[in-house]
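FYI, side chains are in, hydrogens and waters are out, and symmetry mates aren't considered; it's all heavy atoms of this structure. As the structure lists them, so they are numbered: ligands from 1, and atoms in each ligand from 1.
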Amino acid sequence: MKRALITGVTGQDGAYLSEFLLKRGYEVYGLLRRSASSDVVAERLRWLGIQDDVRLIDGNLTDISSLIRALQEVKPDEVYNLGAQSFVKASWNQPLLTGNVTAMGAGNLLEAVRLVAPGARFYQASSSEMYGKIQEARQSESTPFYPRSPYAVAKLYAHWLTVNYRESFGLHASSGILFNHESPLRGIEFVTRKITDGVARIKLGLADELRMGNLEATRDWGHARDYVQGMWLMLQQDEADDYVLATGRTTSVREFCRMAFAHVGLDWEAYVKTDSTFLRPAEVEVLMGDASKAQRKLGWAATTSLEEMVAEMVEADLARHKARGA
Ligand code: GDP
C-alpha cells in the first residue's frame with residue numbers, strides 16, 4: 001500500500017487529492033497546522049466524507065523539524081506540497097508571511113525530503129499567477145514568467161527550487177503549473193466562490209447585492225477534481241518534469257457573474273456593484289493556459305465544463321444556506 005503525505009490537506013485541493021488517493025488504496029497523511037479554530041479545519045474533508053480516513057499529523061511548513069519528524073513517521077512514497085498562503089490579495093498585506101510559508105515553506109519541505117526521504121516523489125503546487133503580466137497569449141511551460149504579486153513571487157521561488165532540487169540532487173520533484181481551479185470547496189474569498197455564494201444569498205433573500213472588484217479580469221477556470229488527478233499523474237511518470245494544467249478557455253469575471261446569476265434565473269446587472277476595496281495594487285488581467293504537454297505526456301485533459309462547474313457551485317451554496325435554515 002502506497003503512502004502519501006499532503007501539506008495543505010485541509011484546503012480545497014488537499015481534500016480532493018485525499019479523496020482521489022484514498023480511492024486508489026493509498027494511506028493518506030495530512031500535515032495539519034495547529035490553529036485555535038480546530039473545529040472547522042476538517043470541514044472540507046468532512047464534506048467529502050473522508051475526515052476519518054485521512055491521518056492528520058501536527059506540523060508546519062515554516063518549521064523544518066516538524067517536517068523531518070512527519071517524513072520519518074510517515075515514510076511516504078509521495079509528497080504533495082499544497083500548503084501555502086494562497087490568496088493573492090492578502091499577499092500585499094502580509095508579503096513576508098506569504099514568503100515564509102509559500103516560498104521558504106517549500107524550501108523547508110524540499111530540504112527535509114532530500115535529507116530524510118530522498119526516494120519519495122515530490123509534487124510542488126505551482127501557479128499560473130507566476131505568468132502575471134503575460135508574455136504570450138497562451139501560457140505553456142516555456143512561457144517566461146512575470147509575477148505581479150508577493151504571492152506570485154513566492155510561488156516562483158518554490159517553482160525554481162523544485163526544478164533546482166531535481167537537477168542538483170536528482171530528486172523526483174515535479175512542478176505542476178496549475179491554472180485557477182475551483183469547486184464548491186473553494187475558499188469564499190476567491191472570486192468564483194464569492195460569486196456563487198452571493199448568488200445563493202440573493203436568491204434566498206439573505207442579501208440584496210454583491211460587491212465586486214475588477215470585472216474585466218479573465219481566468220482559465222477548471223474544476224479542482226480534474227486537476228488533482230493531474231498532480232497524481234505527474235508523480236507516476238518515470239521522469240519528473242513540469243506541466244501546465246489548464247482548460248485552454250478564458251472567461252471574464254463579468255461573464256462568470258452572468259452565468260451564475262442566470263443559473264437561478266436572475267439578471268446579474270441588477271445585483272452586482274463594483275467596489276474599489278476589492279481592487280488590487282497590481283492586476284493579472286488575463287490568463288489562458290496551454291496544457292498540450294500534459295495531454296500528450298500524461299494523457300490528462302480537463303473534463304468538467306465551466307457551465308457544469310458554475311451549476312455545481314451555485315447548487316452547493318444554495319444547499320448550504322438552506323441547511324443553515326435560510
Ligand atoms: P487569483 O487569480 O488567484 O487572484 O484568484 P481570485 O479568484 O482571487 O481572483 C481572480 C480574479 O478576479 C482577479 O483578477 C481579481 O482581481 C478578480 N476579482 C474581481 N472582483 C473580485 C473580488 O471581489 N474578489 C476576488 N477574490 N477577486 C476578484
Side-chain angles (χ1 to χ4, degrees), residues 8 11-13 82-95 98 101-103 124-134 139 143 145-156 158-159 176-202 207 209-224 227 244-261 268-269 271-289 302 306 309-310 313-314 317:
Q12 166 187 269
D13 293 6
L82 313 185
Q85 189 305 95
S86 64
F87 185 39
V88 171
K89 185 150 193 288
S91 75
W92 278 282
N93 299 332
Q94 302 190 21
T98 302
V101 178
T102 306
Q124 170 59 23
S126 291
S127 163
S128 57
E129 286 293 315
M130 301 188 310
Y131 297 116
K133 191 173 173 185
I134 55 168
Q139 301 87 51
T143 303
F145 299 114
Y146 192 139
R148 291 272 279 173
S149 63
Y151 165 80
V153 172
K155 278 287 182 188
L156 203 47
H159 167 72
I177 306 171
L178 271 52
F179 282 64
N180 296 51
H181 42 288
E182 318 293 314
S183 76
L185 300 184
R186 187 61 143 146
I188 200 104
E189 66 273 33
F190 293 90
V191 76
T192 56
R193 203 38 226 304
K194 178 174 167 177
I195 294 168
T196 61
D197 177 72
V199 165
R201 283 173 196 273
I202 290 168
E209 64 172 24
L210 178 60
R211 304 190 81 84
M212 301 290 304
N214 177 18
L215 300 177
E216 309 311 324
T218 84
R219 288 292 182 276
D220 179 330
W221 280 300
H223 196 299
Y227 286 48
V244 161
L245 300 185
T247 69
R249 167 181 175 190
T250 194
T251 306
S252 67
V253 173
R254 176 189 302 276
E255 174 62 8
F256 194 103
C257 286
R258 193 199 61 71
M259 291 167 72
F261 277 91
W268 74 279
E269 285 178 295
Y271 302 98
V272 173
K273 308 274 182 304
T274 47
D275 181 337
S276 61
T277 56
F278 297 109
L279 298 177
R280 298 166 178 197
E283 177 64 298
V284 174
E285 295 293 349
V286 182
L287 291 173
M288 181 164 57
L306 186 61
M309 188 172 74
V310 169
M313 290 178 69
V314 172
D317 279 316

J.: Could you go through the side chain to side chain contact (heavy atoms under 4.5 Å, CB included) check for F179 and S127 one step at a time?
T.: CA-CA 6 Å; F179 282 64; S127 163; over 6 Å; no

J.: My understanding is that only residues two or more places apart in sequence, or in another chain, count here; which of them pass ring pair (Phe, Tyr, Trp, His ring centres under 6.0 Å) with Y146?
T.: none

J.: Do E182 and R219 sit within salt-bridge range, that is, some charged N less than 4.0 Å from a carboxylate O?
T.: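 No, no charged N to carboxylate O under 4.0 Å.
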
J.: Apply side-chain hydrogen bond (donor to acceptor under 3.5 Å, both in side chains) to T247 and list each qualifying residue two or more places apart in sequence or on a separate chain.
T.: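 Partners of T247 under the side-chain hydrogen bond (donor to acceptor under 3.5 Å, both in side chains) test: D220.
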
J.: Select all protein residues for which some heavy-atom-to-ligand 1 distance is less than 4.0 Å, and list them by chain and number.
T.: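 Those residues closer than 4.0 Å to ligand 1 by some heavy atom are F87, V88, E129, N180, E189, F190, V191, K194, M212, G213, N214, A217, R219, V253, F278, R280, E283, V284.
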
J.: With sequence neighbours excluded, give me every side-chain hydrogen bond (donor to acceptor under 3.5 Å, both in side chains) pair touching residues 249-259.
T.: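 For residues 249-259: E216-R254, T218-T250, R249-E307, E255-R258.
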
J.: Minimum heavy-atom separation for A302 and A246, please, with both atom names.
T.: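 The answer is CB-O, 4.2 Å.
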
